Amino acid sequence: MLAFEYNDFNGVIIDSNQVPEHSEIFSNQLKALLLHTKLQNKDVVWLTLPIRLAHLIPISTGLGFTFHNCLPEEVTLVLKSTPEIFIPFIPTHSLGAGGLVQNEHGEILVIKEHGANNYKLPGGHIELGEKIEDAVIREVLEETGINTKFDTILGMASTHPYRFGKSNIYIVCKLIPLSSDIDIHDIGEIDDAKWITSKEYLSDDKTNPFNKYLVKSLINSSGLVKSSIDLTQFSNLKHEMFLASSDAK
């Protein structure tokens with residue numbers, strides 16, 4: 001049968017590195033494993049197939065597997081022993097970060113995308129494995145050419161439905177500008193970027209009400225600061241933690 005290991009949640013994880021390419025061999029070995037998991041009263045079987053083994057997907061789904069999540073080069077399928085077994089579904093959300101950047105003159109940094117008729121805070125998607133602070137600094141640099149440093153998290157918003165039936169979480173971060181000259185890098189997406197006073201931005205009838213509310217609510221606010229504690233004492237995973245100022249250490 002297929003090579004596997006047990007996990008801590010009464011499940012079985014198939015070793016994707018040892019999955020055979022031949023369809024008939026795979027089918028026979030998978031059936032043998034499913035019989036074993038049934039005899040062992042296991043709740044869940046996890047199977048990740050790289051794109052080169054995509055031809056094995058119909059065999060898997062024919063035996064009851066369903067799709068769980070995917071990456072560009074692989075898809076993960078799952079088989080539950082009973083429909084009542086709970087499995088957290090991932091991903092359920094896309095993540096985005098926007099930067100509220102205010103210079104020494106009290107002006108804020110805004111951008112306008114191609115095809116848009118109003119300006120908004122710069123920002124974009126947080127990539128897989130990317131920290132929040134790194135993502136928002138990167139996005140602001142790409143869209144405006146302004147170098148910044150992370151200060152605090154000012155607020156969050158959740159939207160559903162968003163794209164592809166998932167939800168979106170948008171995180172607004174306060175950034176400190178380290179430069180002032182605008183130089184748009186992402187010319188394929190960004191039409192214009194500029195510094196503008198908050199008063200002028202808020203009084204512009206073309207400003208989207210949501211963006212106007214964000215700026216009005218957060219322009220003079222303090223937020224959650226990044227903790228300086230060494231998180232490697234808890235685990236070796238990539239961590240970042242944001243706490244209320246009085247609690248951050």
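Worth saying up front: this structure is predicted, and the values here are computed from it rather than measured. Side chains are part of it too, since the values below use all heavy atoms of this structure and drop only hydrogens, waters and symmetry mates.
Residues passing the side chain to side chain donor-acceptor pair (under 3.5 Å) test with Ser81: none are found, sequence neighbours excluded. Partners of Thr232 according to the side-chain contact (heavy atoms from CB on, under 4.5 Å) rule, which considers only residues two or more places apart in sequence or in another chain, are Asp230. Scanning for salt bridge (charged side-chain N to carboxylate O under 4.0 Å, His left out) contacts around Asp191 gives Lys112, with sequence neighbours left out. By the ring-ring contact (aromatic ring centres under 6.0 Å, His included) test, Tyr6 pairs with Phe4, sequence neighbours left out. By the salt bridge (charged side-chain N to carboxylate O under 4.0 Å, His left out) test, Glu21 is found to be paired with Arg52, residues two or more places apart in sequence or in another chain being considered. For Glu142, the salt bridge (charged side-chain N to carboxylate O under 4.0 Å, His left out) partners two or more places apart in sequence, or in a different chain, are Arg138. Qualifying side chain to side chain donor-acceptor pair (under 3.5 Å) partners for Asn208, counting only residues two or more places apart in sequence or in other chains: none.
Expressed to the nearest 0.5 Å, how far CD1 of Ile184 lies from OG1 of Thr144 amounts to 8.0 Å. Once rounded to the nearest 0.5 Å, the distance linking CZ of Phe242 with OG1 of Thr152 reads 9.5 Å. Rounding to the nearest 0.5 Å places NZ of Lys174 at 11.0 Å from NZ of Lys149. Remark: Leu56 CG to Ser23 OG distance equals 5.5 Å, nearest 0.5 Å. Residue Asp192 holds its CG atom at 10.0 Å from NE2 of His114, rounded to the nearest 0.5 Å.
Under a 4.5 Å side-chain heavy-atom criterion applied to ILVMFWY residues, the cluster that includes Ile25 comprises that residue alone. Grouped with Val215 in one hydrophobic cluster are Leu100, Ile108, Val110, Tyr119, Leu121, Leu154, Tyr170, Val172, Ile196, Tyr201, Leu202, Phe210, Leu214, Leu218, Ile219, the linkage being side-chain heavy-atom contacts under 4.5 Å among Ile, Leu, Val, Met, Phe, Trp and Tyr residues. Under the 4.5 angstrom side-chain criterion for Ile, Leu, Val, Met, Phe, Trp and Tyr, Ile51 has no cluster partners at all. Leu35 belongs to a hydrophobic cluster whose remaining members, ordered by chain and number, are Leu39; membership requires side-chain heavy atoms of ILVMFWY residues under 4.5 Å apart, directly or through intermediates.
A distance-only check finds no donor-acceptor pair linking the side chain of Glu143 to the backbone of Asp186 [under 3.5 Å]. With His125 contributing its side chain and Glu127 its backbone, the two residues share no donor-acceptor pair below 3.5 Å.
Leu128 places a side-chain heavy atom less than 4.5 Å from the side chain of Leu71. Put simply, the side chain of Phe150 reaches to within 4.5 Å of the side chain of Leu175, judged on heavy atoms.
For the residue pair Ala244 and Leu224, the shortest heavy atom distance occurs at N-CD2, 3.5 Å. In plain terms, the two heavy atoms of Ile146 and Pro177 that are nearest each other are CG2-CB, 4.3 Å.
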**OP:** Give the intermediate values and the outcome of side chain to side chain contact (heavy atoms under 4.5 Å, CB included) for residues Ser60 and Leu49.
**Re:** CA-CA 10 Å; Ser60 307; Leu49 294 174; 4.1 Å; yes
Subject >> Check against side chain to side chain contact (heavy atoms under 4.5 Å, CB included), Trp195 and Val101 >> reply: CA-CA 9 Å; Trp195 294 101; Val101 187; 3.9 Å; yes
Show which side-chain atoms of residues 85-95 pair as donor or acceptor with protein atoms under 3.5 Å away, not counting sequence neighbours.
unit_1 : atom_1 : unit_2 : atom_2 : d
Ser94  : OG     : Asn168 : ND2    : 2.9

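Remark: Lys194 NZ is packed, more than 12 non-hydrogen atoms of other residues, nucleotides or ligands lying under 6.0 Å away.
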